[in-house]
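Working notes, beginning with the structure itself.
The structure displayed is predicted, hence computed values, not measured ones. Heads up: numbering here begins at 1 and tracks the sequence.
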Amino acid sequence: MISKQTIDKIFSAIRVEEIIGEYVQLKRAGSNFKGLSPFQDEKTPSFVVSPSKQIWKDFSTGKGGTAISFLMEIESFTYPEALRHAAKKYGIEIEETIQEQTEEQKMAQSEREQLYKIHEVAQDFFQDQLHETEEGRLIGLSYFKERGLPDDIIRKFQLGYSPEKKNAFTEYALEKGYSKEIIEKSGLSVFPENASYGIDRFRERVIFPIHSFSGRVLGFGGRILKNNAKAAKYLNSPETEIYHKSNVLYGLNFSKQAISKQNLCLLVEGYMDVIALHQNGIQNVVSSSGTALTTEQIKLIKRLTENVTILFDGDAAGIKASFRSIDMLLSEGMNIRIVLFPDGDDPDSFSGKHPQEYVEQYIAEQARDFIDFKAEVLLQEANTDPIRKGEAIRDIVKSVACVPNALKQEIYLKEVSSRFGLSEQSLFNELGLQKQVQQQQYKREESRPSPKLEVVPKQAISVQPLLVLEEKLIELMLKYGAQVLNRETEDGTPYTITVIEEVLAHFEEDDYKIQSPVNEKIIREIQEGIEKNELRSGSFFFTLMDEELTVKVANALLEPYEISDWSKHNIFFSKEEEVLPKLISDTMIRHKREYVVSMIQEIKESLKTETDNTEQYVMMMKLNELRKEMDAELYRIL
């Protein structure tokens, strides 16, 4: 277990805007930052990060918390995993309060944790084979050297080698204590009937680890070096619980900061394209790893930038196949440009021939709008055939129809009109037809049977005033717990009391029972703090291993909007903290009134079955009188 001292060091060093900035493109909004939610599609940013409070809140989904809770949410980390990730980023040494886990404890972990761990073991194994064995150096390392990769790049991308022996890794993993079942589920080995000892999936291949956004190994790509017509040149890990190829972009963990900083993502096809560009100093590049681009991959890029430049090697078949990817990028609101390298060159070979400045200048100067690119490719095929030319123009308009922004659509159609000498009206007519086709496709998808929605009873969604006021009092304790209030007794004697003490005393009156289980946990922690002479308010709860409490505190401390500074216009508003004493008094009175109302209602319900109960009637009369007194007090306040 990670020691409390280490956790304190992590929370002292960690910067929420730095952690989240690796996943979300943040823009300054007053004293906070704002960005698009990484958890849900949205057009208007509702994701708020507060550097001063070191918390975040996603108002579109209701999620919120600290940098640690963000890592847990976005990466499916456990609490200790998120702490270790942050400690590694900030160079903090982890101190354990107990010894490392035994092999028995490791095997008791969840299957998902075991899959992550065995991929780390495999990565170390492949790297050791590449650098520390004669076979690895002669075959694997020689191949990378022939491709012009220096040692620092080979180690940066954690490249490796899987030896010729059929079950070298399988045997190694079994010796490490991993079960046959977990080795097989990882996809690193297969166990056919005629080879129960297991066969390594990537044997005799150089290895390219595939990382998550945060840098955890999810799977591998392997390239065969021998001329074997029966074997695929490249082989990737199969789908597992932790690896879904449609959700991963190769190199994104190395490139995310450069993409965000330059506000541009270069999209290439292969592993070596990414590595070669990095070697040349160009880091804002990712690869779809030879698979068709998916919506999930586009959304990963969109977290960091809306600008994508696709780099092609000039292969005609590959270019035609890219049209679908371009349409998908356009549908997600991305700005697309295309670069074609000279015949015989791809990003790997071109960057190997030229210095960084030349390659960057070439990409900047040769980047073309997708309309120019698509028009040139299609019209070259159409030649002088008017029918094929018309189909080509229709295909271009089809892509324009994918663009969600109407203004952009109009600009694109004006370009098409100018380039081909066509009337804008005819192009807009065609655009309308293409939109109709798309809408029909959406309707067909929507018409598919979907699960029936459960009807929620009215009472389940009714507002409960008592709970609402309880939530407000808890919020005030979390936000202003240690703030001192100046009060007076009934005879006018002045005294001071903290917000926490006053609200706690209020809750303890009349045997009030806290309505919400989460609020009950907060009250319990605050009471324990008072026993230890500690006033536990907002930031204290972030160090607890309780995600529910973290979200609750983030909700209390972070508002979706900041109030503008109207004082420069001689317009003044009272801030909440300025009217805090009155706000707390008013809220406590309203809360107590609702509590009395709930007690009256309970008595009424009991009298339906117990008609002859004088004590209950007397109690209800007293409570009604008390309610009237509080109504009068609230009326005076208003």
Q: Please lay out, stage by stage, how I259 and L264 fare under the test side-chain contact (heavy atoms from CB on, under 4.5 Å).
A: CA-CA 5 Å; I259 291 170; L264 173 66; over 6 Å; no
Basic-acidic side-chain contact under 4.0 Å: [X], [Y]:
X	Y	result
E17	R15	yes
D586	R590	no
K472	E475	yes
R84	E81	no
K88	E93	no

Could you grab the distance from atom [atom1] of [X] to atom [atom2] of [Y], nearest 0.5 Å is fine?
X	Y	atom1	atom2	result
I301	T305	CD1	OG1	9.0 Å
I474	L478	CD1	CG	6.5 Å
H119	I210	NE2	CD1	9.0 Å
S325	L267	OG	CG	7.5 Å
I19	S214	CD1	OG	10.0 Å
I584	I589	CD1	CD1	12.0 Å

Between [Y] and [X], is there a side-chain heavy-atom distance shorter than 4.5 Å?
X	Y	value
V339	F312	no
E239	H244	yes
I242	Y116	yes
I275	I154	no
E306	K302	yes
E22	K89	yes
L580	Q483	yes
V24	L36	no

(Q) Here's one to test your reading of the geometry: is the NZ or CZ of K63 within 45 degrees of the ring axis of F39 and under 6.0 Å from its centre? (A) yes
Q) So, is the end of the K256 side chain (NZ or CZ) under 6.0 Å from the ring centre of Y23 and within 45° of the ring's axis? A) yes
Side chain [X], main chain [Y], donor-acceptor under 3.5 Å:
X	Y	answer
E470	S516	yes
Q54	P51	yes
E269	S288	no
R28	S31	yes
W56	V16	no
S255	Q283	yes
S260	Q257	no
R216	E75	yes
N280	I282	no
Q409	V403	yes

Q) Do the ring planes of H591 and F507 sit parallel (below 30°), tilted (30 to 60°) or perpendicular (above 60°)? A) perpendicular
**Q.** Residue among D273, T309, I310, V286 satisfying side chain to side chain contact (heavy atoms under 4.5 Å, CB included) with V268
**A.** D273
Q | Partner of H85 under side chain to side chain contact (heavy atoms under 4.5 Å, CB included), chosen from L71, I68, I10 | A | L71
(Q) side-chain contact (heavy atoms from CB on, under 4.5 Å) for L583 and T587? Distances and angles first, verdict last. (A) CA-CA 6 Å; L583 176 61; T587 308; 3.9 Å; yes
Q) In terms of heavy-atom contacts, does NZ of K261 have more than 12 from other residues, nucleotides or ligands at under 6.0 Å? A) no
Q.
Check this for me: R155, atom CZ, are more than 12 non-hydrogen atoms of other residues, nucleotides or ligands nearer than 6.0 Å?
A. no
(Q) side-chain contact (heavy atoms from CB on, under 4.5 Å) for T498 and L485? Distances and angles first, verdict last. (A) CA-CA 6 Å; T498 63; L485 305 173; over 6 Å; no
No-hydrogen, no-angle side-chain donor-acceptor test under 3.5 Å, [X] and [Y]:
X	Y	result
Q297	N247	no
N335	K408	yes
S37	Q40	no
E360	Q356	yes
S46	E42	yes
Q158	Q127	no
Q25	N263	yes
Q361	E365	yes
T496	N486	no

Between [X] and [Y], which heavy-atom pair has the shortest distance, and what is it?
X	Y	answer
A554	G65	CB-N, 3.3 Å
I118	S186	CG2-CB, 3.8 Å
F370	S399	CE1-CB, 3.7 Å
F47	P38	CD1-CD, 3.6 Å
V274	S287	CG2-CB, 3.4 Å
S69	G64	OG-O, 3.9 Å

Q: Run the ring-centre check on Y250 versus H211 and record whether the distance is less than 6.0 Å.
A: no
Q | Between H278 and F157, ring centroids under 6.0 Å | A | yes
(Q) Is there a side-chain contact (heavy atoms from CB on, under 4.5 Å) between I326 and I338? Walk through the geometry before answering. (A) CA-CA 10 Å; I326 291 173; I338 291 94; 4.1 Å; yes
**Q.** Steps toward salt bridge (Lys or Arg N to Asp or Glu O under 4.0 Å) verdict (R536, E534)
**A.** CA-CA 6 Å; R536 296 176 175 177; E534 298 175 4; 3.0 Å; yes
